[in-house]
Trainee: 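Below is the structure I would like to discuss, written out as structure tokens.
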Amino acid sequence: QVQPVESGGGSVQAGGSLRLSCAAAGTIISDDCVVWFRQAPGKEREGVAAIWPLGRASLYASTYADSVKGRFPISQDNARNAVSLQMNSLKPEDTAVYYCATDQKTDCGSDYFSPGQYRLWGQGTQVTVSS
């Protein structure tokens with residue numbers, strides 16, 4: 001049973017940084033499309049960043065929500081079979097529970113930020129940014 005597991009959440013002040021990690025035993029996560037979502041209280045779950053392999057060694061594509069572009073680079077950590085989300089220049093509006101998701105497919109497709117297309121979800125990790 002493949003189960004993504006997030007780690008690295010916490011509380012920081014605005015302008016600070018956190019690094020989230022999504023590990024998934026039972027699959028080689030570097031072969032899969034992996035997406036980070038977040039959900040703030042009273043809001044819908046929204047896609048933050050996605051990464052998927054390009055079919056050539058160590059080459060990946062990534063895409064970002066406009067709200068985090070340039071601040072939240074996503075990357076593969078092949079040594080740990082994990083995907084990382086480095087969150088820099090954090091803002092209070094980044095406060096949310098962050099989830100990673102995958103469907104064990106190599107291509108994220110065009111609807112990469114649609115939560116309904118992912119079967120496998122982590123339990124989430126809380127990120128709180130204070131002003």
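Nothing here was measured: the structure is a model prediction, and the numbers come from that model.
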Trainee: Between K105 and D103, is there a side-chain N and carboxylate O pair less than 4.0 Å apart?
Mentor: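 Judged by the 4.0 Å cut-off on N to carboxylate O distance, K105 and D103 do form a salt bridge.
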Trainee: Kindly say whether G10 contributes a backbone atom to a donor-acceptor pair with the side chain of Q126 at under 3.5 angstrom?
Mentor: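 Here the side-chain-to-backbone pair does not exist.
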Trainee: Looking at R119, I want to see if its CZ is surrounded by more than 12 non-hydrogen atoms of other residues, nucleotides or ligands under 6.0 Å.
Mentor: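 Counting neighbours around CZ of R119, more than 12 heavy atoms of other residues, nucleotides or ligands fall under 6.0 Å, so yes.
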Trainee: So, do R71 and K91 sit near enough that their side-chain heavy atoms are less than 4.5 Å apart?
Mentor: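 Yes, at least one pair of side-chain atoms sits under 4.5 Å.
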Trainee: Where is the tightest heavy-atom contact between T63 and F113, given as atom of each residue plus distance?
Mentor: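 The pair with the smallest heavy-atom distance is O-CZ, 4.1 Å.
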Trainee: Under the side chain to side chain contact (heavy atoms under 4.5 Å, CB included) criterion, do V127 and R38 qualify, and how do the steps go?
Mentor: CA-CA 9 Å; V127 171; R38 68 185 181 186; over 6 Å; no
Trainee: Calculate, to the nearest 0.5 Å, the distance between atoms CD and CD1 belonging to Q76 and I74 respectively.
Mentor: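 Result: 8.0 Å between the selected atoms.
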Trainee: What is the distance from atom CZ of R45 to atom OG of S114, rounded to the nearest 0.5 Å?
Mentor: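 Going from the CZ atom of R45 to the OG atom of S114 covers 12.0 Å.
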Trainee: Is it true that V97 and V83 fall in one hydrophobic cluster, defined by side-chain heavy atoms closer than 4.5 Å?
Mentor: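 Looking at the clustering, V83 is in a separate group from V97.
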Trainee: Using distance only, find each side-chain donor-acceptor pair of residues 21-36 under 3.5 Å and give its atom names and separation, not counting sequence neighbours.
Mentor:
residue	atom	partner	partner atom	Å
T27	OG1	D32	OD2	2.9
T27	OG1	Q104	NE2	3.3

Trainee: Decide yes or no on side chain to side chain contact (heavy atoms under 4.5 Å, CB included) for L20 and M87, but give the supporting numbers first.
Mentor: CA-CA 8 Å; L20 304 184; M87 302 190 297; 3.7 Å; yes
Trainee: Can you name the closest pair of heavy atoms from G124 and Y99 and give their distance?
Mentor: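 Looking at all heavy atoms of both residues, the closest pair is CA-CD2, 3.5 Å.
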Trainee: How many angstroms lie between CG in N88 and CZ in F72, if you round to the nearest 0.5 Å?
Mentor: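 That separation rounds to 8.0 Å.
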Trainee: Going from OG1 on T128 to CG on D94, what distance comes out if it is rounded to the nearest 0.5 angstrom?
Mentor: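 If I round to the nearest 0.5 Å, the distance is 11.0 Å.
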Trainee: Under a 3.5 Å cutoff, is there a donor and acceptor pairing between the side chains of D77 and S84?
Mentor: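 S84 and D77 do not have a side-chain donor-acceptor pair below 3.5 Å.
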Trainee: Evaluate whether atom OH of Y112 has more than 12 neighbouring non-hydrogen atoms of other residues, nucleotides or ligands under 6.0 angstrom away.
Mentor: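 No, because the 6.0 Å sphere around OH of Y112 holds 12 heavy atoms or fewer from other groups.
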Trainee: Are Y98 and V12 connected into the same hydrophobic cluster when the rule is that any two of I, L, V, M, F, W, Y join if their side-chain heavy atoms are below 4.5 Å apart?
Mentor: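 Yes: a chain of side-chain contacts under 4.5 Å links V12 to Y98.
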Trainee: Does one hydrophobic cluster hold both L59 and I51, with members joined at side-chain heavy-atom distances below 4.5 Å?
Mentor: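 No.
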Trainee: Shortest non-hydrogen contact from S89 to S17?
Mentor: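 S89 and S17 have their closest heavy atoms at N-OG, 4.3 Å.
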Trainee: Between Q117 (side chain) and G109 (backbone), is there a donor-acceptor pair under 3.5 Å?
Mentor: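 Pair absent, no side-chain N/O of Q117 close to backbone of G109.
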Trainee: Q123 vs V5, test: side chain to side chain contact (heavy atoms under 4.5 Å, CB included). Steps then yes/no.
Mentor: CA-CA 7 Å; Q123 80 288 350; V5 177; 4.2 Å; yes
Trainee: Side chain to side chain contact (heavy atoms under 4.5 Å, CB included) between V48 and F37: does it pass, once the steps are laid out?
Mentor: CA-CA 5 Å; V48 173; F37 289 85; 5.6 Å; no
Trainee: Could you go through D66 and K69, starting from their C-alpha distance and side-chain angles, then the distance that decides it, and tell me whether this counts as salt bridge (charged side-chain N to carboxylate O under 4.0 Å, His left out)?
Mentor: CA-CA 5 Å; D66 287 343; K69 200 171 293 184; 3.1 Å; yes
